[in-house]
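Heads up: the structure comes next, in structure tokens.
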Amino acid sequence: VYKSDSEDDSDDESDIDNEVLSDSDEEEVVHKSASGKVYNKDGFEVVPQQKIKKRKALSYEELALGEKLIRSKKAKRDIMDNGWHRFMFDDENLPDWFVKEEEMHMRKELDVDPEVVEKYREMGKEMNVKTIKKVVEAKA
């Protein structure tokens, strides 16, 4: 098949583009060893990033309990000792209605100072009320 000069030039350019693409594809080539580890072309192990799990926010009572744990060794010891109590058991083969009632009524109240809990509530309110500097600038 006879091709004109303009057609030949365009084919040569597409061949060059394919060569460039193939070079970049070789950079991404990975090697998987028998142990399951993945290596890049330079021989370095490629380690996948671990997903970071977000923790749920602590309640005000939990924050007050944490403060109590930190402040005093005696309080920490007492909290740990009080962790073993009559409400702590793991029965099996109980009716569903009974398990639901136990969840509501068989909880031990946390031994924290209500004033400390109120302090954390106020701190939470203050944080939610404060406006961010950039938001104020955007509104202006």
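The figures here come from the full heavy-atom set of this structure, side chains too, leaving out hydrogens, waters and symmetry mates.
Partners of Glu61 according to the salt bridge (charged side-chain N to carboxylate O under 4.0 Å, His left out) rule, which considers only residues two or more places apart in sequence or in another chain, are Arg121. Here Lys37 pairs with nothing under the side-chain hydrogen bond (donor to acceptor under 3.5 Å, both in side chains) rule; sequence neighbours left out. Among residues two or more places apart in sequence or in another chain, the side-chain contact (heavy atoms from CB on, under 4.5 Å) test is passed with Pro95 by Trp97, Phe98. Here Asp111 pairs with Lys68 under the salt bridge (charged side-chain N to carboxylate O under 4.0 Å, His left out) rule; sequence neighbours left out. For Val99, the side-chain contact (heavy atoms from CB on, under 4.5 Å) partners two or more places apart in sequence, or in a different chain, are Leu94, Glu103. Residues forming a side-chain contact (heavy atoms from CB on, under 4.5 Å) with Tyr120 (at least two apart in sequence, or on another chain): Tyr60, Leu63, Ala64, Glu67, Val116, Met123. When the side-chain contact (heavy atoms from CB on, under 4.5 Å) test is applied to Arg77, the partners found at least two apart in sequence or on another chain are Lys74, Asp81.
At most 12 non-hydrogen atoms from other residues, nucleotides or ligands lie less than 6.0 angstrom from CG of Asn93.
For the side-chain contact (heavy atoms from CB on, under 4.5 Å) with Phe44, the qualifying choice from Asp42, Val47, Val46 is Asp42, the only one to do so.
Taken from CG in Leu69 to CG in Asp78, the straight-line distance is 10.5 Å, to the nearest 0.5 Å. Distance NZ/Lys139 to CD/Glu137: 12.5 Å, rounded to 0.5 Å. Interatomic distance, Glu115 CD to Lys119 NZ, rounded to the nearest 0.5 Å: 10.5 Å.
Counting only residues at least two apart or in different chains, salt bridge (charged side-chain N to carboxylate O under 4.0 Å, His left out) contacts with residues 43-56 are absent.
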